[in-house]
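Remember, it's a predicted structure, so these values are computed and weren't measured experimentally. The first residue of the sequence shown is numbered 1, and numbering continues consecutively from there. The basis for the numbers below is simple: all heavy atoms, side chains too, and nothing from hydrogens, waters or symmetry mates.
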Amino acid sequence: MKTSASLFLTDILPHRRKLYHKVVKSKLFSKHTPDEVFSQLKKVGLDGIEVILPSFQDINDHQLKEVKTLLDAHNLPIFSVHQKLRFFTKTKVAEITHLFHVADLVGSKVIVLHMSNAGKQLFNENYKTLLHSLQKKYGITIGFENMEKYFGSYFAPHRWHHDKFASLIEETDFNVTFDTTHLAHSGGDI
């Protein structure tokens, strides 16, 4: 098994932060340069990085290449590209298609989607077929992340309950991005 740290693209490239990301940022980067952080992550045994795309900010191919170059210099491959964090909206197919482009550009073999943002789309045959065709076209895997249990997910246990989540992933023939913290928060045994 390989381990990775989830980092916001705007933490990796602090000079690219817009207003929102000047306030919302990882504490890892508060007192240390990105080079210091990456060297320490490598020293503690991390194998790679999961890049979380910034909410409320568009990114371009130049910025993505900049991230890849910086992480390559520290021998930290980008294992996965995580969708933008959102709370009340669903992930549209256009955004997922863009995630495949991003992952392809930075050499990642996995894109991470939130089960809660897929919503009822995951039960739609056309949606599932389209996602599977994108996986095949790009040679990149979709990993649905198990979510934590919270008041808004009470009536959607397939998002967080270990057995129901696993069954849905198996039925839809997708893969899991396993978040141990989310499982523990939901009462599961990590």
Closest contact, heavy atoms only, Thr3 versus Gly45: OG1-O, 3.7 Å
Within the structure provided, determine whether Ser39 and His74 are in side-chain contact (heavy-atom separation under 4.5 Å). yes
Decide yes or no for Ile140 and Val110: does some side-chain heavy atom of the first lie under 4.5 Å from some side-chain heavy atom of the second? no
Which pair of heavy atoms, one from Thr91 and one from Gln121, lies closest together, and at what distance? O-NE2, 3.2 Å
Spell out, as yes or no, whether a donor-acceptor pair under 3.5 Å connects the side chain of Lys68 to the backbone of Gly107. no
Within the 4.5 Å heavy-atom criterion, are Leu70 and Glu66 side-chain neighbours or not? no
Distance col, row Gln135:CD vs Phe100:CZ, nearest 0.5 angstrom, shows 5.5 Å
Under 30°, 30 to 60°, or over 60°: which ring-plane class applies to Phe174 and His132, parallel, tilted or perpendicular? parallel
Does Gln63 use its side chain to pair, donor to acceptor, with the backbone of Leu13 at less than 3.5 Å? no
From Leu46 CG over to Leu7 CG, what is the distance, rounded to the nearest 0.5 angstrom? 9.0 Å
Atom pair CG/NE2 of Leu9 and His82 - distance to nearest 0.5 Å: 13.5 Å
Salt bridge flag under 4.0 Å for residues Lys92 and Glu95: no
N/O donor-acceptor pair under 3.5 Å between Ser108 side chain and Phe79 backbone: yes
Any heavy-atom pair between the side chains of Val106 and Val67 that's under 4.5 Å? no
Taking every heavy atom of Ala103 against every heavy atom of Val81, the minimum-distance pair comes out as CA-CG2, 3.9 Å
Do Phe8 and Leu85 make a side-chain contact, defined as non-hydrogen atoms from C-beta onward lying under 4.5 Å apart? yes
Do you see a donor-acceptor pair shorter than 3.5 Å between the side chains of Glu50 and Ser4? no
Are any non-hydrogen side-chain atoms of Phe144 and Asn175 less than 4.5 angstrom apart? no
Co-membership, hydrophobic cluster, residues Val112 and Ile78, 4.5 Å side-chain: no
Once you round to the nearest 0.5 Å, how far does CG of Leu131 lie from CD1 of Ile96? 5.0 Å
Measuring from Gln83:CD to Ile52:CD1, what's the distance to the nearest 0.5 Å? 10.5 Å
Any Asn60 side-chain heavy atom under 4.5 Å of Leu64 side chain: no
Test item: Asn124 and Lys128 side chains (from C-beta on) under 4.5 Å apart, heavy atoms: no
For the pair Asp47 (side chain) and Lys2 (backbone), establish whether a donor and an acceptor sit closer than 3.5 Å, ignoring hydrogens and angles. no
What's the spacing between Ser80 OG and Ile142 CD1 if we round to 0.5 Å? 13.0 Å
Checking the side chain of Ser133 only, and the main-chain atoms of Leu130 only, is there a donor and an acceptor separated by less than 3.5 Å? yes
